[in-house]
Amino acid sequence: MYDLILKNATLPDGRTNMAVGVTDGVIRTVAQGIEQAAGKVIDVIDAKGYLLSPSFVDPHFHMDAAMSLGQPRLNRSGTLLEGIALWNELKPKLTFAAMVERALAVCRQALVQGVLHIRTHVDVCDPRLEAVRALLEVRRRMAPYLDIQLVAFPQDGYLRCPEARVNLERALDMGVDVVGGIPHFERTMDEGAASIRALGEIAAQRGLALDVHCDESDDPMSRHVETLAAETCRLGLQGRVTGSHLTSMHSMDNYYVTKLLPLMAEAQLHVIANPLINLTLQGRQDTYPKRRGLTRVPELLAAGINVAYGHDCVMDPWYSLGSHDMLDVAHMGLHATQMTSMEQMEESFSMVTTRGARVMGLQGYGLEVGCNADMVLLQARSTIDALRLRPPRLYVIRRGRVIASTPEHRPVLQLEEGTSELDMTSTAYLQQ
Ligand code: FE2
């Protein structure tokens, strides 16, 4: 007895003609062909050979600022620092209702793109904690559809902002899930390191994860990630700590990186790169060549470190574009990191699915028997085909129930020799 069977699906590992049977929101069967998965069935979706993936994961986002583009003005320099200044102009004017409305709008966009798990930072430097209240409300309202983790993020510096220390603890008391930080925005390198020590201790005492905006600059000497790794080991937080951005690693001395990577692996740090944002924010003071401002993704992966991609921003003071499509993010990431071999492109897909789930510590994530039936059917023939096309999400399924659907994209070509429908998909990558 199944509530739902998806038949004739291709899975991310390349298996074709697969059927996935779901009961009570949980995957009960994953089998070749429909026969083995048969029985009494309430609903059947024919996947027509298209790719069935576990739902997309965005482990790094800023939902409190999303969709605020142009309020109160645009970022003229395109830099991180002007974005922070602009956000500070808007912060006192933020209202609970407007923030909930904007956040729900971006959540709806995420859902139709098949993103069902988001870790969002929430600024705790506003003494009213309006953003925290708003995003707790959004987390509650979206819970049936979207796993939302909140990170207490002291945007103006944990030590630099006078209210941040008290407010961060207040936010955690209110139900925020993860401890955040921004050491490269503290007044000095020493204070940045001190902030990591203090934040690590809070995470250890409260039994929480730590996710730090770390070294988001072009400064080759910004080495807070070293402190983050060392503190993780000192406090026994291995596997619970994430370094977000790490763009300074792009500019670091190669010899130093050979020492740093094993230290990060020892601490079992997770890393999140945000290619859409950091390709545009970084390198703004460079003439030519301009640095890409992305951390060393293939080298981190080769060192055994879990790396995922985040969307970071959608239409906010730091980034004017975005539609919360994690395939856009992976597409940009694989170009910027030159991860273009077949294996690396497949890995890029995992960086917006399974690797992001590991960052968030999601339980029951995946397409195996016993996992939550959180899935997306893409109009593509393989993971690489999905990256190439960024195609329609035909069905988005949350706990076994269809919550969003998009018609197949079938462009019609009208030439002299006749009219035809074009199938843009390709099975070529399955044969490699
Ligand atoms: Fe961020």
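We count ligands from 1, going down the list as the structure has it; atoms in each ligand are counted the same way. Heavy-atom basis, side chains included; hydrogens, waters and symmetry copies ignored.
Ser55 contributes no side-chain N or O that, together with a main-chain N or O of Val115, makes up a donor-acceptor pair within less than 3.5 Å. In terms of modelled atom types and a separation under 3.5 Å, the side chain of Thr120 and the main chain of Met63 share a donor-acceptor contact.
Between the Fe ion (ligand 1) and Cys313 there is no N/O/S contact shorter than 2.8 Å.
When distances from the Fe ion (ligand 1) to the N, O or S atoms of Asp312 are compared, OD1 comes out shortest. Within His62, the N, O or S atom at minimum distance from the Fe ion (ligand 1) carries the name NE2.
Annotation: His213 is not in aromatic contact with His224 [ring centroid separation under 6.0 Å not met]. Taking the six-membered ring wherever Trp is involved, the centroid distance between the rings of His60 and Tyr309 does not fall below 6.0 Å.
If you put the vertex on the Fe ion (ligand 1), NE2 of His60 and NE2 of His213 sit 90° apart, to the nearest 10°.
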